[in-house]
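First listed ligand is number 1; within each ligand, the first listed atom is number 1. Below, all heavy atoms of this structure are taken into account, side chains as well, without hydrogens, waters or symmetry copies.
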Amino acid sequence: MATGVSTKGTKKTPVLQVRVTYDGKTSEAEVLGAPYAEFQTMKTMNSGGKNTLFYGDNFDALLYMLNNGYKGKITLIYIDPPFSTAANFVNRDQSHAYSDALRGAEYVEYLRKRLIVMRELLSDNGSIYLHLDGNMAFTMKLIMDEIFGERNCRAFITRKKCSTKNYTKNTYGNISDYIMFYTKGSSYVWNRPFSPWGYDKMIEQYPYVDEKTGRRYKKVPIHAPGTRNGETGKEWRGKMPPKGKHWQYTPEKLDEMDAAGEIYWSPTGNPRRMVFCDPAKGIPVQDIWLDYRDSINQAQKTTGYPTEKNFDMLKLIVEASSNPGDMVLDCFAGSGTTLGAAFETGRNWIGVDNSPESIKAIFKRFVTGMEAYGDYVSSHSGVQMSIDIAPKVPFSVQVCDEYKQSYQDMELPTISSTM
Ligand SMILES: C[S@@+](CC[C@H](N)C(=O)[O-])C[C@H]1O[C@@H](n2cnc3c(N)ncnc32)[C@H](O)[C@@H]1O
């Protein structure tokens with residue numbers, strides 16, 4: 001793998017920012033000053049707590065929040081909006097859940113307006129994850145750079161979303177989607193995630209065993225690209241760094257590392273650094289996610305909502321970018337996967353959706369419980385479902401005027417009188 005030579009310290013020319021232009025692009029001031037609908041509390045489940053479910057258009061809900069005490073209060077936002085697929089999505093029982101009809105600039109502006117308000121809701125140490133597929137991810141990356149700053153893009157994650165597609169004949173099977181991770185600023189909540197070591201992986205990545213300690217290790221170079229005039233460009237133990245390179249550490253530090261048994265000397269006298277495996281810690285999670293496909297096995301639970309995302313993936317994101325007690329927002333909540341992950345890990349949540357099927361799915365998740373994936377078809381008959389998450393989840397439901405009638409007409413899953 002080639003590593004570039006850092007240009008740190010060399011004279012920089014200013015970077016010209018790329019801007020996306022299209023008809024109908026409104027100014028940020030217009031977006032933030034737009035009129036919005038009010039919301040009212042319609043139900044309080046188990047004393048409410050800080051968890052809130054908004055039923056209505058999320059542009060209204062976001063502006064309502066911004067003007068009602070939530071500015072700068074959200075630590076983590078994850079959104080999985082419609083992907084601009086020009087499709088309708090139906091539940092597993094075939095009822096209509098939502099439409100994904102917006103295309104081109106209309107789609108970009110719809111999402112951009114909401115992202116501008118989300119930035120205002122984020123705390124200074126907050127993060128936002130935007131989940132999209134190849135339709136719009138690359139256009140929206142430019143918009144995210146405009147809103148949050150290119151320097152605040154921390155990762156562009158590729159996720160394997162489903163199993164291999166053997167029926168795709170004329171091109172490569174499409175099994176990936178993308179998650180952009182941005183922060184509000186340079187200092188942000190980050191609990192680095194690790195996945196457990198498998199024995200084979202550990203042997204593959206740390207192939208050597210230190211005879212003295214029995215610990216597994218790998219050998220890595222102790223030089224880096226680029227020449228230096230200081231200490232790290234000089235001779236150490238009678239050896240100069242290879243041509244065009246410098247030592248990664250000062251000779252003094254290299255002596256210390258050697259004394260601590262952290263330098264491997266090859267039979268020809270070449271030094272390399274020994275990096276030891278810490279089996280308890282696991283493998284740091286990288287930016288290709290292969291283990292978080294959506295509803296893949298019979299052991300998982302589902303609400304039956306279309307496009308329901310992998311619960312473990314959301315738990316990973318929530319735990320990496322927030323702490324217990326923090327507020328997590330998903331304003332394209334769908335079946336409430338993010339809200340469930342936030343609840344299970346001790347965070348507070350705010351969900352927003354404008355689909356009645358989404359609101360029903362979220363009640364299913366928090367009130368009556370979900371079904372095992374494999375059982376869904378046979379047991380979907382209104383019979384009491386298995387409880388997946390403790391039913392005593394406290395939350396309140398806020399509904400905007402325009403949606404009140406639809407809320408009242410909704411048959412919400414319930415197991416007790418929890419008004
Ligand atoms: C892809 S789904 C989210 C699925 C969710 N991540 C899950 O795990 O279940 C997108 C959701 O956004 C909602 N949505 C789309 N436009 C909206 C809007 N303007 N206001 C509120 N919700 C909206 C849809 O109703 C749908 O539930």
Side-chain angles (χ1 to χ4, degrees), residues 31 34 36-37 39 52-65 76-92 95-103 106-107 109-115 117-118 129-133 135-137 159 161 177-179 292-295 300-318 328-344 349-366 370 373 388-389 397-400 402-403 406-407 410:
V31 171
Y36 59 89
F39 284 75
T52 311
L53 176 59
F54 286 93
Y55 176 41
D57 188 292
N58 52 15
F59 189 52
D60 284 325
L62 290 165
L63 283 170
Y64 174 81
M65 286 167 63
L76 169 65
I77 301 175
Y78 164 89
I79 54 165
D80 164 32
F83 287 180
S84 189
T85 54
N88 287 322
F89 288 88
V90 292
N91 271 335
R92 291 181 137 227
S95 48
H96 173 83
Y98 68 97
S99 300
D100 179 10
L102 295 178
R103 314 295 304 275
E106 220 186 324
Y107 176 90
E109 182 63 358
Y110 145 90
L111 198 47
R112 174 179 162 270
K113 278 164 63 177
R114 288 157 175 80
L115 286 163
V117 192
M118 286 182 228
Y129 289 70
L130 171 59
H131 196 151
L132 291 171
D133 72 2
N135 277 335
M136 278 297 170
R159 176 187 78 129
K161 62 180 175 182
D177 57 20
Y178 308 97
I179 303 166
Y292 299 107
R293 283 177 280 160
D294 297 327
S295 296
Q300 284 184 330
K301 303 272 181 172
T302 184
T303 58
Y305 197 72
T307 62
E308 183 176 318
K309 293 295 177 289
N310 184 300
F311 188 76
D312 291 334
M313 177 182 79
L314 262 308
K315 250 175 94 176
L316 172 99
I317 292 173
V318 166
V328 174
L329 165 70
D330 184 344
C331 55
F332 291 90
S335 66
T337 315
T338 313
L339 319 182
F343 176 72
E344 207 175 283
W349 57 259
I350 296 172
V352 187
D353 210 290
N354 63 354
S355 159
E357 291 305 316
S358 151
I359 303 303
K360 285 188 219 166
I362 292 169
F363 266 71
K364 211 182 259 187
R365 182 181 290 280
F366 287 127
M370 308 196 313
Y373 191 73
D388 185 44
I389 286 183
V397 186
Q398 300 237 7
V399 181
C400 108
E402 204 190 313
Y403 285 71
S406 150
Y407 180 79
M410 226 183 267

Donor-acceptor pair, side chain of [X] and main chain of [Y], under 3.5 angstrom:
| X | Y | result |
| --- | --- | --- |
| Arg365 | Ser335 | yes |
| Glu308 | Thr303 | yes |
| Asp294 | Asn310 | yes |

I'd like to know whether ligand 1 has [X] as a neighbour, heavy-atom separation below 4.0 Å.
| X | answer |
| --- | --- |
| Ala333 | yes |
| Phe89 | no |
| Gly56 | yes |
| Arg114 | yes |

Which protein non-hydrogen atom lies closest to [atom], naming both residue and atom, and how far is it?
| atom | answer |
| --- | --- |
| atom 20 (N) of ligand 1 | Asn58 N, 2.9 Å |
| atom 24 (C) of ligand 1 | Asp353 OD1, 3.5 Å |
| atom 10 (C) of ligand 1 | Asp80 O, 3.4 Å |
| atom 12 (O) of ligand 1 | Phe332 CD2, 3.3 Å |

For ligand 1, does Tyr98 get within less than 4.0 Å through its side chain, its backbone, both, or neither, judged by non-hydrogen atoms?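 The answer is the side chain of Tyr98.
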Report yes if some heavy atom in the side chain of [X] is under 4.5 Å from a heavy atom in the side chain of [Y]; otherwise report no.
| X | Y | answer |
| --- | --- | --- |
| Leu132 | Tyr178 | no |
| Phe332 | His131 | no |
| Tyr129 | Leu76 | yes |

Under a 4.0 angstrom heavy-atom cut-off, which atoms of ligand 1 come close to [X]?
| X | value |
| --- | --- |
| Ser335 | 7 (C), 8 (O), 9 (O) |
| Tyr110 | 15 (C), 16 (N), 17 (C), 19 (N) |
| Ser355 | 25 (O) |
| Glu308 | 7 (C), 8 (O), 9 (O) |
| Thr337 | 7 (C), 8 (O), 9 (O) |
| Pro82 | 15 (C) |
| Lys309 | 6 (N), 7 (C), 8 (O) |

Please indicate whether any nitrogen or oxygen in [X] is less than 3.5 Å from any nitrogen or oxygen in ligand 1.
| X | answer |
| --- | --- |
| Asp57 | yes |
| Asn354 | yes |
| Tyr305 | yes |

Return the CE to CZ distance between Met65 and Phe54, rounded to the nearest 0.5 Å.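 If we round to the nearest 0.5 Å, Met65:CE and Phe54:CZ are 5.5 Å apart.
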Using 0.5 Å steps for rounding, measure from the CE atom of Met118 to the SG atom of Cys331. 3.5 Å
Less than 4.0 Å between a side-chain N and a carboxylate O, is that true for Asp177 and Lys161? no
Between Tyr407 and Tyr55, how do the two ring planes meet: parallel, tilted or perpendicular, split at 30° and 60°? tilted
Report the residue from Thr307, Asp353, Asn354 that forms a side-chain hydrogen bond (donor to acceptor under 3.5 Å, both in side chains) with Tyr98.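 So, applying the side-chain hydrogen bond (donor to acceptor under 3.5 Å, both in side chains) to Tyr98 and each of Thr307, Asp353, Asn354, only Thr307 qualifies.
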Exercise answer: donor-acceptor pairs, residues 81-90 side-chain atoms, under 3.5 Å, sequence neighbours excluded:
residue : atom : partner : partner atom : Å
Ser84   : OG   : Leu102  : O            : 2.8
Thr85   : OG1  : Asp100  : OD2          : 2.5
Asn88   : OD1  : Ser99   : OG           : 2.8

